[in-house]
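Here's the structure, in structure tokens; my notes come after.
Values reported hereafter were calculated over all heavy atoms of this structure, with side chains retained and with hydrogens, waters and symmetry mates removed.
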Amino acid sequence: MSLPFLKSPHGSDPVVVESTFRAPPARLFRAWTDPAELKAWFGQAPHSMAAIEADVREGGAWRFTLPPTEVSRDALRGTYVTVERDRRLVFTWCHEREFADGRVEVTPESEVTVTFEPAEEGTFVRLTHAAIRKEDARKGVGSGWSASFGSIHALLEKEAVP
């Protein structure tokens, strides 16, 4: 399995993913905070999001809802802890699963920090996802974030084509 953007050992805590993108920090920050932009890169098929809500302010909530299946309805959700425009985002993260029989499972809260640093080639983005309790969950999150960074690169490449 190729995880080109994963910089921490697969399954370790914290999960660290990073890359340099050919776009200014403001463009990358918008990709991480605008619901339409998020929907264009986060959770690409077959895990595309059915809905994305983001109240991007300190204390604001976010929720990404996956398409329902016969077995469950899944959502990722959390709260923005720190919002420094074009520089840094910190938000809590948990996975909520509601089963057809009414049971609900929610993972323990973890924390994501994303920094946007100007670089000669554009913007260096570093994501640290910490306090994920289970190794298999850290592996899944590491794979997911690495794939998402690839999706952001693809999105920006499409914009660069005249």
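At least one donor-acceptor pair closer than 3.5 Å links the side chain of Asp13 to the backbone N or O of Ala131. A donor-acceptor pair is defined here as one N or O able to donate and one able to accept, closer than 3.5 Å; such a pair exists between the side chain of Ser151 and the backbone of Ala147. Under the 3.5 Å distance criterion, the side-chain polar atoms of Ser110 are left unmatched by any main-chain donor or acceptor of Ile132. Listed for the Ser146 side chain is no donor-acceptor partner under 3.5 Å among the backbone atoms of Ser143. At least one donor-acceptor pair under 3.5 Å links the side chain of Ser148 to the backbone N or O of Gly144. A distance-only check finds no donor-acceptor pair linking the side chain of Trp32 to the backbone of Leu38 [under 3.5 Å]. Panel note: side chain Thr69, backbone Val71; a donor-acceptor pair is recorded below 3.5 Å. No donor-acceptor pair closer than 3.5 Å links the side chain of Thr79 to the backbone N or O of Gly60. Looking only at distances, no side-chain donor or acceptor of Arg88 sits under 3.5 Å from a matching main-chain atom of Thr115.
Note that SG of Cys94 and CD of Glu109 are 6.5 Å apart. Values are rounded to the nearest 0.5 Å. In this structure, the separation between CG on Leu3 and NE2 on His10 is 5.0 Å, given to the nearest 0.5 Å. Here Arg63 contributes atom CZ and Ile52 contributes atom CD1; the two are 12.5 Å apart, rounded to the nearest 0.5 Å.
Clustering ILVMFWY residues whenever any of their side-chain heavy atoms sit less than 4.5 angstrom apart, transitively, puts Val90 in a cluster other than the one holding Val17. Clustering ILVMFWY residues whenever any of their side-chain heavy atoms sit less than 4.5 angstrom apart, transitively, puts Val141 in a cluster other than the one holding Val16. If you chain together hydrophobic residues whose side chains sit under 4.5 Å apart, Val125 and Val81 never meet in one group.
Checked against a 6.0 Å centroid threshold, the rings of Trp62 and Trp93 count as neighbours. Aromatic ring centroids of Phe116 and Phe124 lie 6.0 Å or more apart. Taking the six-membered ring for Trp and the full ring otherwise, Trp145 and Phe5 have centroids separated by 6.0 Å or more.
Among all heavy-atom pairs drawn from Ala51 and Lys39, the shortest one is N-NZ, 4.4 Å. Residues Glu58 and Thr82 share a closest heavy-atom pair of OE2-CA, 3.6 Å. Of all heavy-atom pairs spanning Glu53 and Phe64, the tightest one is O-CE2, 4.2 Å. Of all heavy-atom pairs between Ala26 and Asp86, the closest is CA-OD1, 3.3 Å. Across every non-hydrogen atom of Ala100 and Glu70, the tightest pair is CB-O, 3.9 Å. Contact detail for Gly11 and Lys139: the closest heavy-atom pair is CA-CG, 3.5 Å.
At a threshold of 4.5 Å between non-hydrogen side-chain atoms, the residues Val106 and Arg97 do not count as touching. When side chains are defined from C-beta on, Leu28 counts as touching Leu156, because their heavy atoms get closer than 4.5 Å. In this structure, Tyr80 and Val56 have side chains that are in contact, with non-hydrogen atoms separated by less than 4.5 Å. A heavy-atom distance below 4.5 Å is found between the side chains of Ser19 and His153.
In this structure, Arg30 places its CZ atom where more than 12 heavy-atom neighbours from other residues, nucleotides or ligands lie under 6.0 Å away. Sparse packing is recorded around CZ of Arg126, with 12 or fewer heavy atoms of other residues, nucleotides or ligands lying under 6.0 Å away.
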Evaluate Val104 against Phe99 for side-chain contact (heavy atoms from CB on, under 4.5 Å), listing each step before the verdict. CA-CA 6 Å; Val104 177; Phe99 293 92; over 6 Å; no
Should Leu66 and Met49 be marked as a side-chain contact (heavy atoms from CB on, under 4.5 Å) after you check the CA-CA gap, both sets of side-chain angles, and the distance that decides it? CA-CA 5 Å; Leu66 285 85; Met49 298 294 112; 3.5 Å; yes
Can you list the steps and then say if Thr33 with Leu89 is a side-chain contact (heavy atoms from CB on, under 4.5 Å)? CA-CA 9 Å; Thr33 57; Leu89 285 173; 3.8 Å; yes
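At a threshold of 4.0 Å, the pair Asp136-Arg138 does not count as salt-bridged, since none of the basic side-chain nitrogens sits closer than that to a carboxylate oxygen. Arg103 has a carboxylate O that lies under 4.0 Å from a charged side-chain N of Glu105, or vice versa, which qualifies the two as a salt bridge. The pair Arg77-Glu96 meets the salt-bridge criterion, since a charged nitrogen lies less than 4.0 angstrom from a carboxylate oxygen. Ion pairing between Arg27 and Glu159 holds under the 4.0 Å rule for side-chain N and carboxylate O. Salt bridge status for Glu18 with Lys7: absent, with no side-chain N to carboxylate O gap under 4.0 Å.
Pairs passing the salt bridge (Lys or Arg N to Asp or Glu O under 4.0 Å) check and including a residue from residues 140-154, sequence neighbours excluded, do not occur.
If you check the side chains of His129 and Thr113, you find no donor sitting under 3.5 Å from an acceptor.
Of the candidates Thr123, Val83, Asp34, Val114, Val83 is the only one forming a side chain to side chain contact (heavy atoms under 4.5 Å, CB included) with Phe29.
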